[in-house]
Undergrad: 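Got a structure for you, questions after.
The figures that follow rest on heavy atoms only: side chains count, while hydrogens, waters and symmetry mates do not. So that the names make sense, note that chain A is the first sequence line, chain B the second, and so on, each numbered from 1.
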Protein chains: 2
Amino acid sequence: MARRKKYKFPKTTIERLSYYFRALEDLSKRGIDTVSSEALGGKLNIKSSQIRKDLSYFGDFGKRGMGYDVKYLLKELKYILGLDREWSVVIVGAGHIGAAMANYDSFRKRGFNIAAIFDNDEKKIGKEINGSPILPYDNIDDFVKQNKIEMAIIAVPAAAAQAVADKLVESGVTAILNFAPVAVQLDENVRCLSVDLTTKLEALAYYMSYSQDKLWKIYS
Amino acid sequence: MARRKKYKFPKTTIERLSYYFRALEDLSKRGIDTVSSEALGGKLNIKSSQIRKDLSYFGDFGKRGMGYDVKYLLKELKYILGLDREWSVVIVGAGHIGAAMANYDSFRKRGFNIAAIFDNDEKKIGKEINGSPILPYDNIDDFVKQNKIEMAIIAVPAAAAQAVADKLVESGVTAILNFAPVAVQLDENVRCLSVDLTTKLEALAYYMSYSQDKLWKIYS
DNA sequence: CGGCGTATGTTAAAATTTTCACATGGGTGA
DNA sequence: TCACCCATGTGAAAATTTTAACATACGCCG
Ligand SMILES: NC(=O)c1ccc[n+]([C@@H]2O[C@H](COP(=O)([O-])OP(=O)(O)OC[C@H]3O[C@@H](n4cnc5c(N)ncnc54)[C@H](O)[C@@H]3O)[C@@H](O)[C@H]2O)c1
Ligand SMILES: NC(=O)c1ccc[n+]([C@@H]2O[C@H](COP(=O)([O-])OP(=O)(O)OC[C@H]3O[C@@H](n4cnc5c(N)ncnc54)[C@H](O)[C@@H]3O)[C@@H](O)[C@H]2O)c1
C-alpha cells in the first residue's frame, strides 16, 4: 500500500512519527515552511539522527543542505499514519473517560469520528455527548455491523472489559484502544493498545523514590 | 534506599512491575497465595523469563520449584514502587481529564491523594470534585509549598502547559504527569511522564492501514 | 559556473532489551 | 534420608533500537 523502504523498523518509530506530525502542524500554523531534523529534534527532545532514521524507513523526504519542507512532510506523514481518511469509532462506556474522549474535538479534526457511545446505564441512554448519541449496549453488535465500525475505545470498568472486547471483535471491530486496567486477550489480528494511567503514576512514584535514576524522555 | 541488586535495568521494567503488582492484587483477592512466573505471564501476555529477569534486578523473591508467594511479592513490589507511602498530588485543570482523574478512586486507594485541583475558570473555582476542592490557579504556588506537594497532573490545554509546568517546578513539584500534547521542557531533576492519547489513536490508524505488521504487546 | 557551507540519508558501531537454556536449590513423598 | 520434580535465578546469546560518523547531494553566492 503506502510507501515504505524497509520492512522492519522499531515499534517506537510509529509513535514518534505521530509526534513529528503534531510538531510540524504547529510549525505550519506559525508560517514556518522548512525545518531541519536538528530543529525539529530540539522542539521534541529527540536526537536529530533518530528523526532522520525514522523518516528514512518510509522515504526520502528531505533536501540535503536544506532540511524538510513542512507542508510536504506533513502530507507524507498524514498518508503514512493513515490519517488521510475518516475513521469511524465507537466508545463503550459513557463515564468519565468515555465522556472526555467524546468531548475532545481534536480527534474529530484528525479524522476520528465518534459515531456513537454505548452504555448499559438506563439513565445515560438517549442522551448525547458532544453530538454523539449514547445508545444501549445491547445494540452495539448491529450498530457496528451496519456502520462498518473498525475502531473502538473501551472505557468501562475492568471487570467488563474482556466481555466488551469479545463482543466488539465478534461484531467486526479490528482496532481497540483500551483504558481498562486489564490485559485483554484478543485474537492476533486485532490491534489493541492499552492506556494505563495507574501505571504512569506508579512509575512516577518509583522514580521519586529513587532519585538517582535520571532517565526520561519527554515522550513515553 | 530500597533493595536493588543491579544498578542498570531496562526502563520498561518499572512499567512491568506495575503490571505485576496489579495482577498479584487480583490473585490475592481471589485467595490465591502462590503463583509461578509462567502463570503470571500467561495472565499478562508476558514471557515468564521476562518476569523472572525483571524481579531479579531487585531481589530473590521466589522459591525454586514453588514460585512466588503472592502476599510477600506484593509487599516487596509495593516497597520497590514507592507505594508504601502517601503521595500528595495536585491536578491543574478541572476539565474533562482533570475531573476523570479526580474521580478515579483507585488512585486514592493506591496512596495518591488529590489534595486540590487548580483552575483559572471563575465558574469552577469553589466547587469540588470527589471531595477535592477546586482552587484558584493563582494560589497554586502557596498551596504547593505549604502542603509540600511533590506530584502534579497537568490537564490544561496545550498552550498553557509549559507555563503551568514552570510554575509547578518553581513551587517545588518534582514529578509531573502531563496530558497536554506538547513536549514540556523541564530541568533534568524533574520527572515527567506524558500521556498522549492522540498518538495512541494515530498508532492504531497506522496499524489498521498496514495490516501486515502484527506487532503488539498487550501493554504499551 | 564552480566551490563552499549545510543538512540529509545511510552505513557501521554501540547500547539496550529480550529470550534462551540450564544449573541450582527447595520441597515432597516414599 | 534420599531421589525426584519443578520453577527459580542467571549468564550468555540473540534481537532490537539508538547513536555516531560521514559521504553525498543540494542550493547559494561570488
Ligand atoms: N477515570 C480515570 O481517571 C481512570 C484512570 C485509570 C483507569 N481508568 C479506567 O478507565 C475505565 C473507565 O473509567 P471511568 O472513570 O470512565 O469509569 P466510569 O465509572 O466513570 O464509567 C464507566 C461507564 O461504563 C458503563 N458500563 C459499565 N459496565 C458496562 C458494560 N458492561 N457495558 C457498557 N457500559 C458499561 C457505566 O455505566 C459507566 O457509564 C475503567 O476501566 C477505569 O478503571 C480510569
Ligand atoms: N479530553 C481528552 O480526551 C483529551 C485527549 C487527548 C489530549 N487531551 C489533552 O488533555 C488536556 C486537558 O484536556 P481536557 O479535555 O480535560 O480539556 P478541558 O478543556 O476539558 O479542560 C481544561 C481545563 O483547564 C482550565 N485551564 C485552562 N487554562 C488554564 C490555566 N492557565 N491554568 C489553570 N487552568 C486552566 C480550563 O478552565 C479547563 O477547566 C489538554 O491539553 C488536551 O489537549 C485531552
Undergrad: Before accepting this row, confirm whether a basic side-chain N of the pair B:E25/B:R110 lies closer than 4.0 Å to the acidic partner's carboxylate O.
TA: yes
Undergrad: Salt bridge between A:D26 and A:R22, side-chain N to carboxylate O under 4.0 Å?
TA: no
Undergrad: Using atom NZ of B:K47 as one end and atom P of C:dT17 as the other, report the distance to the nearest whole Å.
TA: 17 Å
Undergrad: Considering heavy-atom distances to DNA chain D, does B:E38 or A:D54 have its closest nucleotide positioned more toward the 5' end?
TA: B:E38
Undergrad: OP1 or OP2 of C:dT8 less than 4.0 angstrom from a side-chain nitrogen or oxygen of A:S37, does that happen here?
TA: yes
Undergrad: Less than 4.0 angstrom between a side-chain N/O of A:Q50 and OP1 or OP2 of D:dT19, yes or no?
TA: yes
Undergrad: Please state how far atom CZ in A:F61 lies from atom C1' in D:dA25, giving the value in whole angstrom units.
TA: 18 Å
Undergrad: Determine whether a donor-acceptor pair (one donor, one acceptor, N or O, separation below 3.5 Å) exists between the side chain of B:R52 and the base of D:dT8.
TA: no
Undergrad: Would the distance check show the side chain of B:E150 and the main-chain N or O of B:W87 forming a donor-acceptor pair, the cut-off being under 3.5 Å?
TA: no
Undergrad: Can you tell whether the side chains of A:K200 and A:D196 come within less than 4.0 Å, N to carboxylate O?
TA: no
Undergrad: Between A:M66 and A:P10, who's closer to the 5' end of DNA chain D by nearest nucleotide?
TA: A:P10
Undergrad: Please report the distance, rounded to the nearest Å, between CZ in A:R64 and C1' in D:dC22.
TA: 11 Å
Undergrad: Can you identify which nucleotide, out of D:dC26, D:dG11, D:dT8, has its nearest atom closest to the B:S36 side chain?
TA: D:dT8
Undergrad: Taking atom P of D:dT17 as reference, at what distance in whole Å does atom CD1 of A:I14 sit?
TA: 12 Å
Undergrad: Are A:K167 and A:Y137 in a cation-pi contact, defined as NZ or CZ under 6.0 Å from the six-membered ring centre and within 45° of the axis?
TA: yes
Undergrad: Take atom OH of B:Y57 and atom P of C:dT16, then tell me their distance rounded to the nearest Å.
TA: 12 Å
Undergrad: Give a yes or no answer on whether the side chain of A:S28 reaches the backbone of A:L24 with a donor-acceptor pair at less than 3.5 Å.
TA: no
Undergrad: Examine C:dC20: is either OP1 or OP2 under 4.0 Å from a nitrogen or oxygen in the side chain of B:S48? Give yes or no.
TA: no
Undergrad: Between C:dT10, C:dT19, D:dT17, which nucleotide has the shortest distance from any of its atoms to the side chain of A:T12?
TA: D:dT17
Undergrad: Can you check the A:I51 CD1 to C:dG9 P distance for me, whole Å?
TA: 12 Å
Undergrad: For D:dA7 and B:T34 - does any side-chain N or O of the residue sit under 4.0 Å from the phosphate oxygens OP1/OP2?
TA: no
Undergrad: On DNA chain C, does the nearest nucleotide to A:Y68 precede the nearest nucleotide to A:G65 from the 5' side, or the other way round? Give the residue.
TA: A:G65
Undergrad: Using whole Å, what does the distance between atom C1' of nucleotide D:dT19 and atom CZ of A:R16 come to?
TA: 12 Å
Undergrad: May I ask you to verify if any side-chain N or O of A:K63 is less than 4.0 angstrom from the OP1 or OP2 atom of C:dT8?
TA: no
Undergrad: Taking OP1 and OP2 of D:dT16, is either one under 4.0 Å from a side-chain nitrogen or oxygen of A:K11?
TA: no
Undergrad: Once you round it to whole Å, what is the distance between C1' of D:dC26 and CG of A:D60?
TA: 13 Å
Undergrad: Where the side chain of A:S49 is defined as all heavy atoms beyond and including C-beta, which of C:dT18, D:dT19, D:dT8 is the nearest nucleotide?
TA: D:dT19
